[in-house]
Amino acid sequence: MQARITKAMIVGMAMTMLAAVGVSAVFAPPAHAAQVITDISYAPAQPAGSRGHMLDLYLPSTGITPRPLLIWHSGSAWSSDDGKTGADAIAAVFNPLGFAVAGVSVRSSAQAIFPAQVHDIKAAIRWLRANAATYQIDPNRIAIMGDSSGGWLTEMATLSGGVAALEGTIGTTGVSSAVQVGLAFYSPTDFLQMNAQNLPTGGLDHNSPASPESLLVGCPIQTCPATVAQANPMTYVDSNDPPLMFLHGQADFLVPHGQSVLLYNKIKAQCGDATFISVPGADHMMPQVMDPAHYGTQTVRTTTDCTETVGTGTLNPTWANFATFLRGGLKMGTSCEVTYARGSGSGTFNGSVTMRNTGTAPIDGWTVTWTWPGNQQITSAWNATVTQSGTQVTARDLGYNSYIGPGSSQSFGFTASFTGTNGIPAQFKLNDIACTTVPA
């Protein structure tokens, strides 16, 4: 009886605070989703009637296809099987940027213990990749994001790609469960060190048999260190992992800030790719971690290829900066220049487009789009596949010229017809990034 009371107190307190975390209170519902598909079963329900094997898809009305995909899972101290909640708010941010968004649920710790939750998220990733063509999703550009226990799931999925023991046999098999980039908010990592890292003013008793961490692994965490190690994202860190950004408030009452410090130090020691944003005064809530009042005060640590940079206020925790990070990890580019040249002629002309990657991340696979200001019509092209619908033009790489390194360029050309004036397009976009147009 006493254990039940303790469990109710601990989990109840966690859930009360976690209820304030949800991003749905921060953003309006998505306005750019052309299609919302809810309650897709990526695997049979276990147990029957549960929601842990469902996902929602938010497909944008703008942007190029196939679309990059962002997976969202909301934290709940592993106590809910409805982690897809809140994906509508994420879609409100990322659908207008051309991202498809999938809200994914996994089983709660009451329904199944670890590693079931990791098996579930990997099954969802496999299902989404296997069905990518149906929803015009790019199977090679999948990002994942979550907060709290959802951040833990994000880190597990990002860092454990290729670990056979964590794949499971749920749902679709025979397809990769790898993601290309991850973004996590205030995630637990090493459960055994959480109590020692609690704030001086207190925190949860993570060593309790009724703590969220103990309930997840199915044993009091101090009694099963081998299982706890398997549930630690740091166990899977190596130099080949995708880029990972994670944020943590220094005043976090539920998940100690030191959990992210441990993860960053492990990735740095392994010469991995990580960005750690540490926010002073912020508790276990996304609105606090992203509060503009903290801009300019956060410590930003970045490690890549065994080279570290540390700065204060160098990267504010904004959705725009998160989108830039995700685009870089997906090798879509973060900034660009376009030089447009056209020949003179009466009724026909030759044109060329040169794209320069002005960002620090490589671009692997490109699509250039623009809108003609007049009645120009593409008749042939070289070094790209060019299609036109009305005044909208789309040019795609031919494979051999898909890569544009930082500071490098690729070009393609075309022949077009026109009547009247032959105006210059107002804007070119490279992988949905608005490029700066420079004179030819």
Side-chain angles (χ1 to χ4, degrees), residues 32 60-68 94-99 136 138 140-141 320-321 323-440:
H32 290 264
S61 59
T62 59
I64 61 174
T65 56
R67 313 169 175 104
F94 285 93
N95 276 166
L97 303 179
F99 282 74
Q136 294 185 298
D138 189 337
N140 299 312
R141 286 181 166 138
N321 285 335
T324 296
F325 173 78
L326 294 176
R327 292 179 63 92
L330 296 174
K331 297 182 180 179
M332 297 183 70
T334 57
S335 64
C336 52
E337 290 179 350
V338 160
T339 303
Y340 173 65
R342 58 180 177 169
S344 59
S346 177
T348 63
F349 71 101
N350 288 334
S352 67
V353 177
T354 301
M355 307 84 65
R356 180 172 176 268
N357 180 1
T358 56
T360 58
I363 297 171
D364 194 358
W366 50 263
T367 300
V368 176
T369 57
W370 72 88
T371 301
W372 288 123
N375 63 357
Q376 296 96 327
Q377 181 68 47
I378 302 288
T379 57
S380 64
W382 50 95
N383 292 336
T385 299
V386 181
T387 57
Q388 183 171 344
S389 177
T391 59
Q392 307 295 311
V393 182
T394 301
R396 300 181 186 276
D397 70 76
L398 294 179
Y400 68 83
N401 59 350
S402 63
Y403 187 85
I404 312 176
S408 298
S409 302
Q410 291 283 1
S411 300
F412 64 91
F414 59 86
T415 299
S417 63
F418 71 99
T419 58
T421 59
N422 184 14
I424 297 174
Q427 184 181 77
F428 292 86
K429 288 186 176 181
L430 171 62
N431 290 345
D432 279 334
I433 312 169
C435 298
T436 301
T437 302
V438 298

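On a predicted model such as this, the values are computed, not experimentally measured, just so you know. Just so you know, these numbers use all the heavy atoms, side chains as well, and skip hydrogens, waters and symmetry mates.
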Report task. Would you please say whether a donor-acceptor pair under 3.5 Å links the side chains of S335 and T358? Result -> yes
Query raised in the report: Does a side-chain heavy-atom distance below 4.5 Å link F414 with N350?
Result: no
**Report entry** Residue pair G343 / F349: nearest heavy atoms and the distance that separates them
**Finding:** O-CB, 3.4 Å
Report summary line: Heavy-atom nearest pair, A395 first then A384, reads CB-CB, 4.3 Å
Query raised in the report: If you measure from CG on D138 to CZ on F99, what distance do you get to the nearest 0.5 Å?
Result: 10.5 Å
**Report entry** V393/V386 under side chain to side chain contact (heavy atoms under 4.5 Å, CB included): CA gap, chis, key distance, verdict
**Finding:** CA-CA 7 Å; V393 182; V386 181; 3.6 Å; yes
Query raised in the report: Using a distance-only test with no angle check, is there a side-chain donor-acceptor pair under 3.5 angstrom linking T367 and R396?
Result: yes
Requested in this report: Answer whether the closest heavy-atom distance between the side chains of V338 and V353 falls below 4.5 Å.
Outcome: yes
**Report entry** Y340 side chain near S352 side chain, heavy-atom distance below 4.5 Å
**Finding:** no
Report task. Check each of D432, L97, I363 against R327 using the side chain to side chain contact (heavy atoms under 4.5 Å, CB included) test, and report the only one that passes. Result -> D432
**Report entry** Test item: side-chain donor near acceptor, T354 and T339, under 3.5 Å
**Finding:** no
Query raised in the report: Can you name the ring pair (Phe, Tyr, Trp, His ring centres under 6.0 Å) partners of F325, sequence neighbours left out?
Result: none
Query raised in the report: Ignoring hydrogens and geometry, is there a side-chain-to-backbone donor-acceptor pair from N431 to M332 under 3.5 Å?
Result: yes
Query raised in the report: Is there side-chain contact between K429 and C435, with at least one heavy-atom pair below 4.5 Å?
Result: no
Query raised in the report: Given side chains that start at C-beta, do those of I64 and T394 come closer than 4.5 Å, heavy atoms only?
Result: no
Query raised in the report: Taking N357 for the side chain and I404 for the main chain, is one N or O donor matched with an acceptor at less than 3.5 Å?
Result: yes
Query raised in the report: How about P362 and P406: do any of their side-chain heavy atoms sit closer than 4.5 Å?
Result: yes
Query - Donor-acceptor pair, side chain of T65 and main chain of Q136, under 3.5 angstrom - result: no
**Report entry** Residue list, side chain to side chain donor-acceptor pair (under 3.5 Å) with T371, at least two apart or on another chain
**Finding:** Q392
**Report entry** Backbone of F418 reached by a side-chain donor or acceptor of N375 within 3.5 Å
**Finding:** no
Query raised in the report: Where the side chain of Q376 meets the backbone of G423, is there a donor-acceptor pair that is under 3.5 Å apart?
Result: yes
Query - Pairs involving residues 382-431, ordered by first then second residue, that meet disulfide bond (SG atoms under 2.5 Å apart) (sequence neighbours left out) - result: none
Query raised in the report: Just checking, any donor-acceptor pair under 3.5 angstrom between side chains of Y400 and N383?
Result: yes
Report summary line: The single option from F412, Y403, F428 that satisfies ring-ring contact (aromatic ring centres under 6.0 Å, His included) with W366 is F412
Query raised in the report: For G390, does its backbone N or O pair with a side-chain atom of Q388 as donor and acceptor, under 3.5 Å?
Result: yes
Query raised in the report: Does any non-hydrogen side-chain atom of V368 lie less than 4.5 Å from one of M355?
Result: yes
Query raised in the report: Is a side-chain N or O of R141 found less than 3.5 angstrom from the main chain of L330, in a donor-acceptor match?
Result: yes
Query raised in the report: Ignoring hydrogens and geometry, is there a side-chain-to-backbone donor-acceptor pair from S402 to L398 under 3.5 Å?
Result: no
